[in-house]
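Report on one structure; see the data block that follows.
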Protein chains: 2
Amino acid sequence: MKKTNPIFLNGVPELLVLRLLSRREMYGYQIIEEIRAQTRETLSFGEGCIYPYLHYLEAEKLVSSRRREVDGRSRNYYKLTPRGGKRLDELTTEWKRVTTGISSLMGEQYA
Amino acid sequence: MKKTNPIFLNGVPELLVLRLLSRREMYGYQIIEEIRAQTRETLSFGEGCIYPYLHYLEAEKLVSSRRREVDGRSRNYYKLTPRGGKRLDELTTEWKRVTTGISSLMGEQYA
DNA sequence: GACAATACCTATAACTGTAAGGTATGTCAA
DNA sequence: TTGACATACCTTACAGTTATAGGTATTGTC
């Protein structure tokens, strides 16, 4: 029954992963590190979250992957499919709606 | 393994409940309806979410309650405690940090 | 007198992310 | 050259949070 301190955001990993992949091809480990870096540790999704997500996204044909050898390293690179692009648009709209709703409820104090 | 469509936000019910109670005394049913109304159905937390939350918040002394008879109806009115005020401040700050982080990762496209 | 709306409550299921393990390869310093 | 560390991938078990679906009782309305 314990409610933990931080606010967690269900579904946000999917939004962020799709958004990152909409910019360029990336591999899993890189996605994890980039989310940490670009949000200054505010958001930090573990491997146990991101890897299964990528597999799910691929199964749903929202992303596609290919094995590449770069810098003597073997990596799975993912990129957005057209279907994934649509999904990203939907999630982005949804995210805006939600934050707008919360903002209006929070009021001016929440500037 | 099914990821559902809408974005859910863990911890947000607590944030919103505390915020509403920081304005004025309210009862459970009213809180549920007000969240629905003020967000135009965008957010809609069920009774199975809000009532247990209120009990939890009271157990943690973040809110206090009293039974009142109003309009011939018996209701449990809740209001914020000083401790609850602190908690609200923390959660608000946290919420801002998280949304800021997400915004920066989403980029301009997310205006 | 029946039915909807109000007002409260709880148990259970479902979903999501974490924690904690695992494998394998490459790099660099001692 | 070996030992440590970072990279890169993966999975399972668990914990936390919300939804679903039931329940009770009272009040208002047709």
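Everything numeric in this text was worked out from a predicted model, so none of it was measured. Reckoned from all heavy atoms, side chains included, excluding hydrogens, waters and symmetry mates.
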*Report the nucleotide, chosen from C/dC8, D/dC10, D/dA8, that has the shortest atom-to-atom distance to any side-chain atom of B/Tyr27.*
C/dC8

*Only counting residues at least two apart or in another chain, list the ones meeting side chain to side chain contact (heavy atoms under 4.5 Å, CB included) with B/Ser64.*
B/Lys79, B/Thr81

*Can you tell me how far P of C/dT6 sits from CZ of B/Arg75, to the nearest Å?*
10 Å

*Considering only C/dT10, D/dT11, D/dT7, which nucleotide approaches the side chain of A/Tyr29 most closely?*
D/dT7

*So, the side chain of A/Arg68 versus the backbone of A/Arg75: is there a donor-acceptor pair under 3.5 Å, distance only?*
no

*Sequence neighbours left out, what passes side-chain hydrogen bond (donor to acceptor under 3.5 Å, both in side chains) with A/Glu41? Give chain and number order.*
none

_Pairwise salt bridge (charged side-chain N to carboxylate O under 4.0 Å, His left out) hits with a residue in residues 27-40 of chain A, at least two apart_ = A/Arg24-A/Glu34, A/Glu33-A/Arg36

*Mind listing the residues from residues 61-68 of chain B sitting with a heavy atom below 4.0 Å of DNA chain C? Number order is fine.*
none

*Specify the separation, in whole Å, of atom OH of B/Tyr51 and atom C1' of D/dT18.*
16 Å

*Carboxylate-amine/guanidinium proximity below 4.0 Å for B/Arg87 and B/Glu60*: no

*C/dC9, D/dT18, D/dC10: which one has an atom nearest the side-chain heavy atoms of A/Asn76?*
D/dC10

_Rounded distance (Å) that lies between atom C1' of D/dA6 and atom CD1 of A/Ile32_ = 14 Å

*Between C1' of C/dA7 and CD of B/Gln30, the distance in whole Å*: 12 Å

*asked:* Applying salt bridge (charged side-chain N to carboxylate O under 4.0 Å, His left out), can you list everything that pairs with B/Arg73, at least two apart in sequence or on another chain?
replied: none

_How many whole angstroms separate atom CG of B/Leu54 from atom P of C/dC9?_
8 Å

_Which residues pass the ring pair (Phe, Tyr, Trp, His ring centres under 6.0 Å) test with A/Tyr27, not counting sequence neighbours?_
A/Tyr77

_Run the side chain to side chain contact (heavy atoms under 4.5 Å, CB included) test against A/Ser74 and tell me which residues pass, sequence neighbours left out._
A/Arg67, A/Glu69

*Among C/dG17, C/dT10, D/dT18, find the nucleotide with the atom closest to the side chain of B/Tyr53.*
D/dT18

*What integer distance in Å separates A/Glu34:CD from D/dT7:P?*
14 Å

*Calculate the interatomic distance between A/Tyr78 atom OH and D/dC9 atom P; express it in whole Å.*
7 Å

Under 3.5 Å between N/O atoms: give me all the protein pairs with nucleotides 20-25 of chain C, atom names plus distance.
from	atom 1	to	atom 2	distance (Å)
C/dT25	O2	A/Arg73	NH1	3.3

*Who are the salt bridge (charged side-chain N to carboxylate O under 4.0 Å, His left out) partners of B/Glu47, not counting sequence neighbours?*
none

*asked:* Whole angstroms only, please: what is the NE2-P distance between A/His55 and C/dG17?
replied: 16 Å

